[in-house]
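Below is one structure, written out as structure tokens, with a few remarks after it.
Counting starts at 1 for both ligands and their atoms, in listed order.
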Amino acid sequence: MADRPGRARGRFITFEGGEGAGKSTQIRLLADALAASGIEVCLTREPGGSPGAEQIRELLVTGETGRWDALTELLLLYAARRDHVQRLIEPALARGCWVLCDRFADSTMAYQGYGHGLELEKIRDLHRIVLGALKPDLTLVLDLAPEIGLARTRAGGEAERRGGEDRFERMELAFHERMREGFHAIAKAEPERVALVNAARDTDAVTAEVASLVRARLGAAV
Ligand code: TMP
């Protein structure tokens with residue numbers, strides 16, 4: 001879709017990290033801060049974010065851990081992602097909205113690549129086929145030891161609250177440790193796009209660092 005003349009394309013910010021790292025809280029706080037500074041914000045999530053992708057989400061996040069083989073899981077994620085990008089993300093960016101997305105393609109590299117062991121190059125190829133060169137302008141990885149994050153989600157009764165959406169949480173600890181290493185590797189490989197934020201601190205400290213990164217890297221007055 002063509003950008004609306006006279007209005008700059010919006011910025012695309014993604015939040016990433018393991019289970020229980022506080023992404024949903026931080027993304028909401030950043031959305032409020034950006035909106036207060038006069039920026040039009042569109043808050044969304046993956047898997048999901050469009051009606052079709054939300055239906056695919058249900059297939060991915062509920063049920064037996066071994067419900068899908070790794071490649072099938074990858075294809076479901078990219079089917080959902082294409083629908084989400086075409087129907088929501090691209091049109092929003094084109095009309096000047098700042099899109100804040102709770103997880104995006106780096107989750108696929110970390111979970112399906114590092115976690116399940118799919119070849120990283122295969123995932124990059126699929127990304128190019130499905131989405132071309134689309135990349136976030138800024139990615140904030142909320143970094144936390146998986147045993148702490150998983151304990152937080154269990155203590156908070158997260159799975160029950162979200163209708164049994166705990167298929168990945170039930171995967172073994174070693175899977176979550178590989179996934180965290182994946183996020184570290186992504187941040188190291190692309191430091192200009194991806195920042196690691198220590199999520200073991202209290203909410204206010206994390207919020208302040210998120211705001212300062214968005215100010216410094218994207219020039220927003222938050
Ligand atoms: P959420 O708990 O942050 O809503 O995300 C749902 C789950 O989906 C989470 O456990 C991670 C998983 N996931 C992947 O495995 N690969 C992906 O590409 C995405 C977007 C999510």
Any idea how Phe175 and His116 line up, ring-wise: parallel (<30°), tilted (30 to 60°), or perpendicular (>60°)?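 Phe175 vs His116 ring planes: tilted.
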Evaluate the ring planes of Tyr111 and Phe168, with Trp represented by its six-membered ring, and classify them as parallel (under 30°), tilted (30 to 60°) or perpendicular (over 60°).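 Answer is perpendicular, since the angle exceeds 60°.
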In the protein, what heavy atom is nearest to [atom], and what distance, to one decimal place, separates them?
atom	value
atom 2 (O) of ligand 1	Arg162 NH2, 3.1 Å
atom 1 (P) of ligand 1	Arg103 NE, 3.6 Å
atom 9 (C) of ligand 1	Glu19 OE2, 3.6 Å
atom 19 (C) of ligand 1	Ser107 CB, 3.6 Å
atom 15 (O) of ligand 1	Gln112 NE2, 2.9 Å
atom 6 (C) of ligand 1	Val61 CG1, 3.7 Å

Salt bridge between Arg124 and Glu121, side-chain N to carboxylate O under 4.0 Å?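 Here Arg124 pairs with Glu121 in a salt bridge, since their nearest N and O are under 4.0 Å apart.
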Per-atom contacts, ligand 1 versus [X] - under 4.0 Å to a heavy atom:
X	answer
Lys23	3 (O)
Arg81	18 (O), 20 (C)
Thr108	17 (C), 18 (O)
Leu77	16 (N), 17 (C), 18 (O), 19 (C)

Does one hydrophobic cluster hold both Val99 and Ile39, with members joined at side-chain heavy-atom distances below 4.5 Å?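 Per the 4.5 Å side-chain linkage, Val99 and Ile39 are not co-clustered.
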Cluster question for you: counting only ILVMFWY and a side-chain heavy-atom cut-off of under 4.5 Å, with indirect links fine, are Leu118 and Phe183 together? yes
Heteroatom distance test ([X], ligand 1): nitrogen or oxygen, under 3.5 angstrom:
X	result
Glu46	no
Asp102	no
Arg57	yes
Glu169	no

Other residues, nucleotides and ligands only: do more than 12 of their heavy atoms fall within 6.0 Å of CD on Glu64? no
Centre of Tyr78's six-membered ring, under 6.0 Å away, within 45 degrees of the axis: is that where NZ or CZ of Arg81 sits?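 Yes; both conditions hold, so Arg81 lies above the ring face of Tyr78.
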Phe12 and Phe104: aromatic ring centres closer than 6.0 Å? yes
Spacing of Ile27 atom CD1 and Asp102 atom CG [to the nearest 0.5 Å]: 4.5 Å
